[in-house]
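First comes the structure, then the notes that go with it.
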Amino acid sequence: MAQRYRDYRMSLAAGIGFTITAPGDYFQVLKSSAEVKLQFDDDVPIARSQGQGGPASYSRVIVSSATDQATVVIALGYTDGRTPIDSRATFDGTVNVSTDLPTVQQPIEDVTIAAGASASLAAVDATRTALVIRMPDDATGDIRVGDSSVAANKGLRLGAGDAASISGGAAIYAYNTSADPVTVSLLAERAP
């Protein structure tokens, strides 16, 4: 088929048309500081703003503006049946956005887990978004972290100096696989 897209850059003086001789089936106003009028062949002119475009069969386009515009860029060409997408489009309207507030970090008392035993690190807490668990650097063994069924061979393994963040507010337990007690540091992250 004929040419694909081509960008036409121009400066417009108020009320004076700029003629482009180029065949095509689609157009897009890529850049304009104000509304422009586009007349395809001998059709009635249409008004469009930056980011707007659409199908139109033409061999000649006259671009004009009610105001002076230093830079106007119009893309013209053939789509080959596909609708082009241009990320330079603009939006004029209201957008409602909900943002999450940052979490609050709250230190929790250290928990000592006896050798070969399990202990509760945190109870169920609907306001907790995560629990950070840190093993001491000098720990002689590992712990396993998980729910109440955590055991020597079940759960997330943490060794000396390791840390983990467990998401959510479920109850969290740890099992100490070593022959020595271990004390872990805890930090709760909570929604404000």
Side-chain angles (χ1 to χ4, degrees), residues 1-106 124-134 145-147 156-158 161-170 172 187-192:
M1 181 165 233
Q3 72 182 35
R4 296 285 300 153
Y5 264 94
R6 180 172 169 206
D7 292 353
Y8 293 87
R9 181 178 299 271
M10 65 206 76
S11 295
L12 294 178
I16 299 175
F18 185 93
T19 301
I20 303 167
T21 302
D25 65 5
Y26 200 86
F27 74 97
Q28 181 93 32
V29 180
L30 300 178
K31 182 174 183 182
S32 68
S33 57
E35 186 177 81
V36 294
K37 290 198 179 208
L38 300 124
Q39 182 178 3
F40 301 100
D41 296 329
D42 294 321
D43 287 345
V44 175
I46 59 171
R48 295 294 184 263
S49 298
Q50 179 173 308
Q52 295 181 319
S57 182
Y58 54 85
S59 58
R60 177 180 44 97
V61 181
I62 300 173
V63 184
S64 62
S65 175
T67 61
D68 289 345
Q69 293 194 51
T71 305
V72 173
V73 181
I74 309 289
L76 300 172
Y78 288 99
T79 62
D80 294 335
R82 295 174 294 205
T83 301
I85 297 174
D86 190 292
S87 62
R88 294 174 280 190
T90 60
F91 172 79
D92 183 15
T94 301
V95 176
N96 295 318
V97 178
S98 174
T99 58
D100 293 331
L101 296 173
T103 57
V104 175
Q105 297 184 343
Q106 177 186 29
V124 173
D125 185 345
T127 66
R128 188 180 71 232
T129 58
L131 181 71
V132 178
I133 305 160
R134 186 172 191 293
V145 178
D147 61 15
L156 175 68
R157 185 182 67 78
L158 296 179
D162 288 346
S165 177
I166 310 296
S167 297
I172 300 173
L187 180 72
E189 291 184 0
R190 299 183 187 286

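In what follows, residues are counted from 1 in the order of the sequence shown.
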[X] side chain to [Y] backbone, donor-acceptor under 3.5 Å:
X: Ser11; Y: Ala70; answer: yes
X: Asp41; Y: Ser59; answer: yes
X: Gln28; Y: Gly51; answer: yes
X: Thr129; Y: Glu189; answer: yes
X: Asp25; Y: Pro55; answer: no
X: Glu35; Y: Ala47; answer: no

Could you report the tightest heavy-atom contact between [X] and [Y], atom names first, then the distance?
X: Ser49; Y: Val29; answer: O-CB, 3.5 Å
X: Leu30; Y: Ala75; answer: CD1-CB, 3.7 Å
X: Ser65; Y: Gln69; answer: OG-NE2, 2.9 Å
X: Tyr78; Y: Pro23; answer: OH-CB, 3.3 Å
X: Gly17; Y: Ser64; answer: CA-CB, 4.0 Å

Output the distance between atom [atom1] ([X]) and atom [atom2] ([Y]), rounded to the nearest 0.5 Å.
X: Ile172; Y: Leu131; atom1: CD1; atom2: CG; result: 4.5 Å
X: Ile74; Y: Tyr8; atom1: CD1; atom2: OH; result: 11.5 Å
X: Asp125; Y: Gln106; atom1: CG; atom2: CD; result: 8.5 Å
X: Arg134; Y: Leu187; atom1: CZ; atom2: CG; result: 12.0 Å

Among Val63, Leu76, Asp43, find the one that has a side chain to side chain contact (heavy atoms under 4.5 Å, CB included) with Leu38. Val63

Audit row: Val36, Val72, side-chain contact (heavy atoms from CB on, under 4.5 Å) steps and yes/no: CA-CA 9 Å; Val36 294; Val72 173; 4.2 Å; yes

Pair Ile166-Leu156, side-chain contact (heavy atoms from CB on, under 4.5 Å): steps then yes or no: CA-CA 10 Å; Ile166 310 296; Leu156 175 68; 4.1 Å; yes

How about Phe27 and Phe40: are their ring centres within less than 6.0 Å of each other?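 Yes: the rings meet the under 6.0 Å criterion.
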
Report yes or no: do Thr21 and Arg60 form a side-chain donor-acceptor pair below 3.5 Å? no

List the steps and the verdict of side-chain contact (heavy atoms from CB on, under 4.5 Å) for Leu12 and Phe18. CA-CA 7 Å; Leu12 294 178; Phe18 185 93; 3.7 Å; yes

Any side-chain heavy atom of Val61 sitting closer than 4.5 Å to one from Thr19? no

